[in-house]
Amino acid sequence: MKILLGGLHQEINSFAPGRTTMAEYKRKQCYFGQEMLDYAAVHPRCNEGADGIASSFRVLRDAGAQIISGGFMSAQPGSIIEQPVLDYYIEEIKKAARENLPLDGVVLFMHGAAQSEQSDDPEGDIVLAVREIVGEDVPITVGLDLHANISERMVRNANTISIYQRYPHVDVWETGERAARLCLDIVSGKIAPKMAYVQIPMIVPASSYTTETEPFHSLMQKGHEYVKAGKLLDFSISQMQPWLDVEGGYSSVVAIGEDGEAAADIAKELAEGLWNMRKEFKTDLTSVDEIIKIAEKNDSGKPVIMNDFADSSNAGSAGDSPEVIERILALESDVKGLMYINDAPFALACREAGVGNTVKANLGATISTKLYTPVAVEAEVRAVFEGKVPFHGMFVDFGPSAVVKIRNTYVVVTTQHRYNGDPALYRAFGYDPCDFQMVVVKACTSFRAFYGPLTDLIYPASTKGAATADLLSLPFEKIPESFYPFSDGEFTPVAIVK
Ligand SMILES: [Zn+2]
């Protein structure tokens with residue numbers, strides 16, 4: 001049994017400045033041939049995209065499959081992908097497929113919210129390219145993020161699509177397993193699934209819901225009950241990455257079952273459920289000044305979380321917002337704060353100055369020059385680091401970094417923007433979030449999985465950023481005429497079954 005395994009995994013924010021280059025993939029994950037297989041064989045579970053490739057690999061390997069490497073590329077969420085990067089990946093996976101015909105099956109693990117300079121549906125391009133080589137009879141099963149834009153084209157060219165069922169994404173590993181098992185079951189003839197797909201004309205900010213709380217929780221439970229009752233093999237409810245401006249982009253439901261008509265009815269029911277709760281998905285915002293004032297009085301032993309999700313690394317923002325430090329200076333606040341900012345020139349200047357010395361320079365707005373204004377600061381250099389941070393059994397590279405003290409706030413300044421929604425980041429730099437009155441976290445909902453056990457004092461802040469909750473403030477160009485929250489019309493779910 002020969003199974004092709006691969007994928008390109010990146011979440012794009014159409015409004016983030018710049019372009020994602022090949023260097024960004026090489027900095028994170030870019031593996032082809034045997035190197036991808038070796039990587040997938042040892043990669044630990046750590047709740048990020050590469051988990052899906054690793055868990056798919058292990059399910060296929062344990063079933064005795066001969067796994068063909070289709071290559072795996074993943075980069076930090078960010079700006080639109082340079083076209084040659086996508087073209088390169090597609091050529092590589094086509095070559096791997098062609099050279100290994102006949103294949104028995106294909107498993108692809110991707111994000112689903114990619115966008116390149118010439119394509120609004122890179123994952124659809126990849127599925128189609130593979131389909132054209134392997135032919136109609138070979139199953140292609142796909143694993144994606146809950147924030148995927150599942151395109152109709154992807155549905156038409158894949159046999160099954162399975163997305164994360166939890167947000168915060170603590171089931172990336174299981175999603176890879178679901179995709180691989182579906183492939184094996186189709187290859188062995190155990191199942192012959194039909195896939196029903198319904199598009200939902202809505203997006204909501206990623207900071208305004210989780211699968212662990214209502215109302216989304218109950219809707220997900222409904223899907224799980226259909227699976228438990230044997231009416232579905234798998235289901236997915238996608239809330240499309242809301243900062244993605246693409247043609248044909250939708251939230252959607254995918255229901256997979258042996259009975260296509262029954263799956264279609266369930267898909268329509270779940271889609272209607274999501275649509276009906278659209279107005280309940282809201283982020284309650286607090287101003288930066290107010291959060292600072294709350295934190296100044298915080299002697300609970302638990303940190304107040306200033307959740308600057310608008311500058312979230314995992315939503316594609318650049319992490320260079322100096323808004324919080326600007327307010328700390330303006331308020332002359334001596335709140336004991338801990339924060340993080342991505343500012344390569346400043347980090348390098350700190351390293352140049354050395355520990356114990358003072359750097360007087362502008363902080364922030366080095367990448368998002370149209371969104372933010374740099375802030376003049378006087379910072380005492382407390383430490384310098386190479387920036388490789390241990391994170392759940394792997395290393396995340398923040399690049400050469402420094403820790404500075406500005407008033408009573410400690411600021412980790414890095415040269416690379418990386419996921420920072422885990423206290424492991426600050427601990428790796430020598431600071432425990434629990435020792436501070438206020439900690440700034442630049443992540444959407446994912447951080448709640450890690451900070452939730454430490455504190456319930458979490459305040460989404462009304463900051464500016466490429467991942468703002470105020471979707472109406474963004475220059476969307478490709479949104480269909482009737483699409484929530486830009487308009488609010490009627491919605492009658494229509495299912496495509498294949
Ligand atoms: Zn996601």
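First listed ligand is number 1; within each ligand, the first listed atom is number 1. Counting begins at 1 with the first residue of the sequence. Here the structure is a predicted model, which is why all the values come from computation and not from measurement.
Outside the 6.0 Å centre-distance limit, the rings of H147 and Y164 are not counted as a close aromatic pair. In this structure, the ring of Y340 has its center less than 6.0 angstrom from the ring center of H417. Aromatic pair F15/W243: ring centres not closer than 6.0 Å.
H147 contributes ND1 as its N, O or S atom closest to the Zn ion (ligand 1). When you scan the N, O or S atoms of D145 for the one nearest the Zn ion (ligand 1), you land on OD1.
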Salt bridge (charged side-chain N to carboxylate O under 4.0 Å, His left out) between R45 and E174: does it pass, once the steps are laid out?
-> CA-CA 10 Å; R45 178 187 185 125; E174 285 79 3; 3.0 Å; yes
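At least one N, O or S atom of H169 sits under 2.8 Å from the Zn ion (ligand 1).
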